[in-house]
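For reference, the structure is listed below as structure tokens.
Hydrogens, waters and symmetry mates are skipped; everything else that's a heavy atom, side chains included, is used. Computed from a predicted structure; not experimentally measured.
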Amino acid sequence: MTHPLLDLPPLSAARFAAIEDRVARLLGTRQDVLITQGEALLPLEGAIRAAAGPGTVALNIVTGPYGQTFGDWLRDCGATVHDLAVPFHTAVTADQVREAFAAHPEIDFVSLVHAEAATGNTNPVAEIGETVRAQGALFYLDAVASVGAEPVLPDAWGVDLCVIGAQKAMGGPAGVSAVSVSERAWARMAANPRAPRRSYLSLLDWKERWLDAGRAALPHAPAQLEMLALEACVERIEAAGLETVMARHASAAAATRAGALALGGGLEPYVHESRDAAPVATTLRAPADADASELVAAALAAEPALPLAAGGGALAKEMIRVNHYGPDATPEVVRGALAALGAALAERGHPTDVAAAHRAVAETYADSGM
Ligand SMILES: *Cc1c(COP(=O)(O)O)cnc(C)c1O
């Protein structure tokens, strides 16, 4: 008996290349786009290890936990690293980046996370890109949590290495990812004797064996199920329209913010300014005398399907994450999350007004025309 997930015809090189081209169109890029057969950490690490070495002077912008990881990889590569860390409740500004360049004119690599699902902030990449171009540095961007939720435009913004994953706002599979690579970035890698070669992390191997060989034959067995799921998810975005998918995320984020404020009970948006708040996910600050992870556990006990999580690590006590992305970027999810959190707060002696929260959600959606 044939099984729909198991007994598939082989995925051809042509199909693999066509999926890459579709992802490139989604990013509006003319750069090389490589699909990488693993979660997004694979190209995130592969790109840093390929592009950075002992001669590199990096500005590593830290607006959440991923930025910290990138700094660790950069130091491990032997790069000199200047960390620019901003509090997780805000975003970095182009002025802060410009000041860092003035203080360290030798900076030739910049790493930045566009949006952080883990902290709920988003950074002004277009403006930062202008200053990075003026500096002449190589620009590495983690757009895993922004793609599908807000514009990601590597060519327009001068991004040299742009990494995406499908499992957040794209509503796709987690086991496959992609990176767009500029000519400058390839040149930097080719000049780096420490860039991984004959390694699972090697982007240069894929360039040599796949891109430069005309994408005629796959160097490894393709991750077939993930590739088909990626194709399906890009197809679904194209059918709905990327603008529509992004608008769903923006509305969900705005409604969650407005709804949390109307809910009361001491809940507040974690990111202070709405312009710094990521459309992909909204973080909320629990009242000082309540534990965020307990509130989340209580809400999930009542409504297990809600995309709620407590903050990671040290943030677990104070941060609640509403992961309203992909199929969860809907008014129903936003309403459900606020109602469940409202009930959990009320049970713990923090009076809330769920009806007011629902009215604020409805008004926000009405204002956004959705
Ligand atoms: C989720 C996320 C990742 C991790 O992607 P994986 O595919 O789980 O490795 C990386 N960066 C950011 C900003 C994310 O939000």
Side-chain angles (χ1 to χ4, degrees), residues 10-24 26-27 29-56 58 66 69-70 72-79 108-109 111 138-144 147 154-155 159-167 172-231 234:
L11 189 94
S12 68
R15 182 90 172 263
F16 195 101
I19 300 170
E20 282 184 334
D21 292 344
R22 243 168 141 155
V23 171
L26 193 71
L27 295 175
T29 183
R30 301 172 65 87
Q31 297 178 1
D32 287 327
V33 169
L34 268 181
I35 304 246
T36 39
Q37 305 205 97
E39 58 165 322
L41 282 176
L42 171 64
L44 286 169
E45 181 172 355
I48 283 191
R49 294 201 184 276
T56 304
Y66 284 100
T69 302
F70 302 160
D72 292 340
W73 287 334
L74 286 162
R75 277 179 274 272
D76 193 52
C77 290
D108 64 359
F109 182 99
S111 48
L138 207 72
F139 193 13
Y140 164 99
L141 186 71
D142 173 351
V144 176
V147 66
D155 292 14
V159 179
D160 295 289
L161 291 157
C162 183
V163 173
I164 65 161
Q167 79 272 33
V176 66
S177 47
V179 55
S180 72
V181 187
S182 72
E183 282 306 321
R184 264 159 39 102
W186 284 129
R188 187 81 73 100
M189 294 181 205
N192 179 8
R194 294 224 205 160
R197 297 305 308 261
R198 305 300 176 249
S199 155
Y200 192 63
L201 284 175
S202 180
L203 299 183
L204 286 172
D205 284 2
W206 274 86
K207 176 169 171 53
E208 176 193 326
R209 294 173 171 181
W210 172 243
L211 297 178
D212 293 350
R215 299 197 295 181
L218 285 159
H220 308 286
Q224 193 174 14
L225 290 171
E226 282 78 6
M227 290 303 291
L228 294 177
L230 176 61
E231 186 181 48
V234 175

Which pairs would a plain distance check flag for residues 221-228, meaning a side-chain donor or acceptor within less than 3.5 Å of a matching protein atom at least two apart in sequence or in another chain?
unit_1, atom_1, unit_2, atom_2, d
Q224, NE2, P9, O, 2.4

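Among pairs with a residue in residues 172-183, none fulfils salt bridge (charged side-chain N to carboxylate O under 4.0 Å, His left out), at least two apart in sequence or across chains. Listed by first then second residue, pairs satisfying salt bridge (charged side-chain N to carboxylate O under 4.0 Å, His left out) with a partner in residues 30-44 number zero, not counting sequence neighbours.
Listed by chain and number, the residues in a ring-ring contact (aromatic ring centres under 6.0 Å, His included) with F70 are W73, Y140 (sequence neighbours excluded). Residues passing the salt bridge (charged side-chain N to carboxylate O under 4.0 Å, His left out) test with R188 are D108, sequence neighbours excluded. Scanning for side chain to side chain donor-acceptor pair (under 3.5 Å) contacts around Q31 gives S180, with sequence neighbours left out. In this structure D142 satisfies the salt bridge (charged side-chain N to carboxylate O under 4.0 Å, His left out) test with no other residue, sequence neighbours excluded. Residues satisfying the side chain to side chain donor-acceptor pair (under 3.5 Å) test with R194, not counting sequence neighbours, are none. By the salt bridge (charged side-chain N to carboxylate O under 4.0 Å, His left out) test, D21 is found to be paired with R215, residues two or more places apart in sequence or in another chain being considered. Every residue two or more places apart in sequence or in another chain was checked for a ring-ring contact (aromatic ring centres under 6.0 Å, His included) with Y66, and none qualifies. The salt bridge (charged side-chain N to carboxylate O under 4.0 Å, His left out) search around R184 returns D160, not counting sequence neighbours. The side chain to side chain donor-acceptor pair (under 3.5 Å) check on T29 picks up D155, with sequence neighbours excluded.
Checked by atom type and distance alone, the side chain of S199 pairs as donor or acceptor with a backbone atom of L201 at under 3.5 Å. Looking only at distances, a side-chain donor or acceptor of D205 sits under 3.5 Å from a matching main-chain atom of R198.
With contacts defined as side-chain heavy-atom distances shorter than 4.5 Å, the pair N192/T56 does not qualify.
Ring orientation note: the planes of W206 and F16 are close to parallel, at an angle under 30° on the 30°/60° scale.
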